[in-house]
Amino acid sequence: MRLLMVFLTGALFSAGLMISGMINPAKVIGFLDIFGDWDPSLAFVMALAVLVYGIGLRFVLKRPKPLFEASFSLPKGSVIDRKLVSGAILFGIGWGLVGLCPGPAIAALGAAPGQAAIFVVAMLAGMLATRMLQRS
Amino acid sequence: MHDYIAASIGGILIGAAALLLMASHGKIMGISGIVSRLLPPLASDWQWRLAFVAGIIAAPLAWRAVSGPMPAIEISASTPMLIIAGAIVGLGTTLGNGCTSGHGVCGVSRLSKRSLVATGLFMASAIVTVTISKQLLGN
């Protein structure tokens, strides 16, 4: 039951990526190309998602606990360290090079495998390598 | 459907999914973190992570079965570029603890200082990257 719920939540997220156009790398690059032929429409994806989550979260967090877990896990850190800064900058470079970030890349696996699969395998390798380096 | 309306509806669905995950499991909907902890060393709470990822992949398959035409997915990058960019995204999101969903949507909504900084930085570096490759290199 609880896993079916998360499965459907993932599908809802994915539907949002498809309907909004976030799943299309060409459109994402058009959104990032603010000095060229700029397509600002994807700004509405983030704006509306932030609005819905920002407002809804106030109500969700008023509940004593989530439906299936003992407590809410909210990141508490507020330290801006070199890892965060360099990681974010690197992520932006990779995102800008192809137009895929992790969510849409995984959704694209179900829509147009081939190229998306190459990207996702490389992404998983990058994640794995970084995790191993961080542990050593 | 007009692009702006489609983008807004999509954004509402993404925000709703993030809310559902918090309401049901108390977790932040950050895709890079959900996925990376499915890699070794496997997180003890891998079941919900895998179910979530399966849902992301299943939606386009269901969409194709029900409605037929898929939304456009145009990737102009070459294979070597896909590999390089994928690896950099994997490295960057793991090092920076998040991507567009975790930092960009969830963190920004919560006004998390780390997420606001991360989102500003990855938006800026993505814009610079696209500007260099499109405007200067003419790709």
Side-chain angles (χ1 to χ4, degrees), chain A residues 3 5-7 9-16 18-20 24-26 32-33 35-36 41 44-45 48-50 52-54 56 60 66-67 69 72 78 83-84 87-98 101-103 106-107 109-112 115 118-119 122-123 126-128 130, chain B residues 3-4 7-8 10-15 17-24 26 31-32 36 39 48 51-52 55-57 59-61 70-75 77 82-83 85-96 99-101 105 109 113 117-118 121-122 125-127 129-131 134:
Chain A
L3 289 181
M5 174 98 180
V6 204
F7 176 82
T9 306
L12 182 68
F13 168 69
S14 191
M18 283 190 284
I19 292 170
S20 65
N24 185 1
L32 295 168
D33 192 15
F35 300 109
S41 60
F44 284 75
V45 181
L48 268 295
V50 165
V52 167
Y53 193 67
V60 169
L67 211 51
E69 296 281 341
F72 294 106
S78 62
K83 260 178 55 184
L84 180 81
I89 291 173
L90 283 169
F91 163 48
I93 293 172
W95 186 29
L97 283 175
V98 171
C101 52
I106 290 170
L109 281 182
Q115 288 171 298
I118 297 170
F119 182 92
M123 179 178 89
M127 287 174 166
L128 187 62
T130 313
Chain B
D3 277 11
Y4 288 76
S8 302
I12 291 170
L13 297 185
I14 293 167
L19 271 183
L20 264 174
L21 191 64
M22 184 54 75
S24 64
I31 310 309
S32 57
S36 70
L39 298 166
W48 74 266
F52 188 83
I56 299 179
I57 298 173
L61 299 173
M70 290 295 294
I73 300 182
E74 306 144 86
I75 302 177
L82 288 170
I83 295 172
I88 299 176
V89 166
L91 166 67
T93 53
T94 306
L95 210 53
C99 58
T100 6
S101 48
V105 173
S109 302
K113 204 169 103 188
V117 168
L121 287 173
F122 70 64
S125 75
I127 288 169
T129 303
V130 169
T131 303
K134 279 216 150 185

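Reminder, nothing fancy here: chain letters follow the sequence lines and each chain counts from 1. The shown structure was predicted, so the numbers you read here are calculated from the model rather than taken from an experiment.
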Identify which of [options] forms the greatest number of heavy-atom pairs closer than 4.5 Å to chain A.
{"options": "B:Val105, B:Leu19, B:Thr93, B:Thr131", "value": "B:Leu19"}
{"options": "B:Ile56, B:Ile127, B:Leu13", "value": "B:Ile56"}
{"options": "B:Ala59, B:Ala77, B:Pro60, B:Gly10", "value": "B:Pro60"}
{"options": "B:Gly96, B:Gly92, B:Gly86", "value": "B:Gly86"}
{"options": "B:Ala72, B:Pro71, B:Ser109, B:Gly15", "value": "B:Ser109"}

Quick one: of [options], who has the most non-hydrogen atom pairs under 4.5 Å with chain B?
{"options": "A:Leu128, A:Leu109, A:Leu48", "answer": "A:Leu48"}
{"options": "A:Ala11, A:Gly56, A:Gly36", "answer": "A:Ala11"}
{"options": "A:Ser78, A:Ala26, A:Pro66", "answer": "A:Pro66"}
{"options": "A:Gly54, A:Cys101, A:Gly87", "answer": "A:Gly87"}
{"options": "A:Asn24, A:Val98, A:Val50", "answer": "A:Asn24"}
{"options": "A:Ala15, A:Ala122, A:Ala107", "answer": "A:Ala122"}

Distance in Å, [X] [atom1] paired with [Y] [atom2], rounded so as to fall on 0.5 Å steps:
{"X": "A:Ile106", "Y": "B:Ile31", "atom1": "CD1", "atom2": "CD1", "value": "7.0 Å"}
{"X": "A:Leu32", "Y": "B:Thr129", "atom1": "CG", "atom2": "OG1", "value": "8.5 Å"}
{"X": "B:Leu20", "Y": "A:Phe13", "atom1": "CG", "atom2": "CZ", "value": "13.0 Å"}
{"X": "B:Leu82", "Y": "A:Met123", "atom1": "CG", "atom2": "CE", "value": "12.5 Å"}
{"X": "A:Phe7", "Y": "B:Ile57", "atom1": "CZ", "atom2": "CD1", "value": "9.5 Å"}
{"X": "A:Ile89", "Y": "B:Leu121", "atom1": "CD1", "atom2": "CG", "value": "5.0 Å"}

Inset, instruction - Please say which of B:Ile75, B:Ile83, B:Val89 ends up in a side-chain contact (heavy atoms from CB on, under 4.5 Å) with A:Phe119. - result: B:Val89
Legend entry - Qualifying residues under side-chain hydrogen bond (donor to acceptor under 3.5 Å, both in side chains), relative to A:Ser41, sequence neighbours excluded: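 With neighbours one apart ignored, the set is A:Lys27, A:Asp39.
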Considering non-hydrogen atoms only, spot the tightest contact between [X] and [Y] and give its length.
{"X": "B:Phe122", "Y": "A:Ala88", "result": "CB-O, 3.1 Å"}
{"X": "B:Ile73", "Y": "A:Pro25", "result": "CG2-CD, 3.9 Å"}
{"X": "A:Gly94", "Y": "B:Ala85", "result": "O-CB, 3.6 Å"}

Inset, instruction - Could you tell me whether the side chain of A:Phe91 reaches within less than 4.5 Å of the side chain of B:Thr100, counting heavy atoms only? - result: yes
Inset, instruction - Find out whether B:Met22 and A:Tyr53 are in side-chain contact, i.e. whether some heavy atom of one side chain is under 4.5 Å from a heavy atom of the other. - result: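 With C-beta onward as the side chain, the pair touches.
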Inset, instruction - Could you list the residues that satisfy side-chain contact (heavy atoms from CB on, under 4.5 Å) with A:Leu90, not counting sequence neighbours? - result: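 By the side-chain contact (heavy atoms from CB on, under 4.5 Å) rule, A:Leu90 matches B:Ile88, B:Leu91, B:Leu95.
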Legend entry - Segment of A:Val60 engaging chain B (4.5 angstrom heavy-atom cut-off):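 The answer is the side chain of A:Val60.
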Inset, instruction - Below 4.5 Å from any heavy atom of chain B, which atoms of A:Met18 appear? Answer side chain, backbone, both or neither. - result: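 Backbone plus side chain of A:Met18, per the 4.5 Å heavy-atom cut-off to chain B.
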Inset, instruction - Below 4.5 Å from any heavy atom of chain A, which atoms of B:Met70 appear? Answer side chain, backbone, both or neither. - result: side chain
